[in-house]
Amino acid sequence: MDLGLTSRPRRRPSLTPMIDVVFLLLVFFMLASRFGMDQVVEMPIASGGGEASGAPKLVDILPEELRLNGISLPLDRLVAELKTLVETPQDTIVLRSLDEANVQRIITVSEALQAAGFKALVLVE
């Protein structure tokens, strides 16, 4: 009984369009990605057990404010006050992030202190 339906051989789907799409995605992600080296900020994290000498040098970093030993100061005055507290540029300055200050804020303050000549910055949690 032939109902007029003829069985045609099945065609295999072509993979060429799929390969083209994968190639275009590959090119897109290669061009959209960043090439280069990320900047590394070297800063030790205090683990306890160390001793500090001289006047205390605790810098609290808040989202909108900086405090040196509890006294609110702008960044330029903070640097000037720290210069009066340290005996040498190798004196330890403790940085503490409070009230969810973001990483960029911590980096900005630490770079300003390093540019002013302070060498020993320690980040505490």
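Atom set for the values below is all heavy atoms of this structure, side chains included, hydrogens, waters and symmetry mates excluded.
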Contact summary for [X] and [Y], nearest pair of heavy atoms:
| X | Y | value |
| --- | --- | --- |
| Arg105 | Glu64 | NH2-C, 3.9 Å |
| Leu66 | Leu75 | CD1-CD1, 3.7 Å |
| Leu98 | Pro63 | O-CD, 3.7 Å |

Query raised in the report: Stepwise, does the side chain to side chain contact (heavy atoms under 4.5 Å, CB included) test hold for Ser110 with Leu95?
Result: CA-CA 8 Å; Ser110 65; Leu95 304 177; 4.1 Å; yes
Requested in this report: Indicate if Val21 and Phe29 have the same hydrophobic cluster label, given that clusters are the connected sets of ILVMFWY residues with side-chain heavy-atom separations under 4.5 angstrom.
Outcome: yes
Query raised in the report: When hydrophobic residues are tied together by side-chain contacts of less than 4.5 Å, even through go-betweens, does Val86 share a cluster with Val59?
Result: yes
Requested in this report: Verify, without hydrogens or angle tests, whether Arg96 (side chain) and Ile61 (backbone) share a donor-acceptor contact under 3.5 angstrom.
Outcome: no
Query raised in the report: Hey, is the main chain of Arg67 close enough, under 3.5 Å, to the side chain of Asp60 for a donor-acceptor pair?
Result: no
Requested in this report: Report the C-alpha separation of Val27 and Leu31 in whole Å, then their side-chain angles, then the decisive distance to 0.1 Å, and conclude whether the side chain to side chain contact (heavy atoms under 4.5 Å, CB included) test is met.
Outcome: CA-CA 6 Å; Val27 169; Leu31 293 176; 3.9 Å; yes
Requested in this report: Give the intermediate values and the outcome of side chain to side chain contact (heavy atoms under 4.5 Å, CB included) for residues Ile93 and Leu82.
Outcome: CA-CA 9 Å; Ile93 298 172; Leu82 278 172; 4.0 Å; yes
Report task. Start with the C-alpha distance between Leu58 and Leu68, add both sets of side-chain angles, then the distance that settles side chain to side chain contact (heavy atoms under 4.5 Å, CB included), and finish with yes or no. Result -> CA-CA 6 Å; Leu58 174 64; Leu68 175 61; over 6 Å; no
Query raised in the report: Heavy-atom distance under 4.5 Å between the side chains of Leu121 and Glu111, does that happen here?
Result: no
Query raised in the report: Do Val79 and Phe118 touch side chain to side chain, with heavy atoms closer than 4.5 Å?
Result: yes
Approximate separation, where rounding is to 0.5 Å, of [X] [atom1] and [Y] [atom2]:
| X | Y | atom1 | atom2 | result |
| --- | --- | --- | --- | --- |
| Leu123 | Ile107 | CG | CD1 | 10.0 Å |
| Lys57 | Asn69 | NZ | CG | 8.5 Å |
| Thr108 | Asn102 | OG1 | CG | 8.0 Å |
| Asp20 | Ser14 | CG | OG | 9.0 Å |

Query raised in the report: When you check the gap from the basic side-chain N to the acidic O, do Lys83 and Glu81 get nearer than 4.0 Å?
Result: no
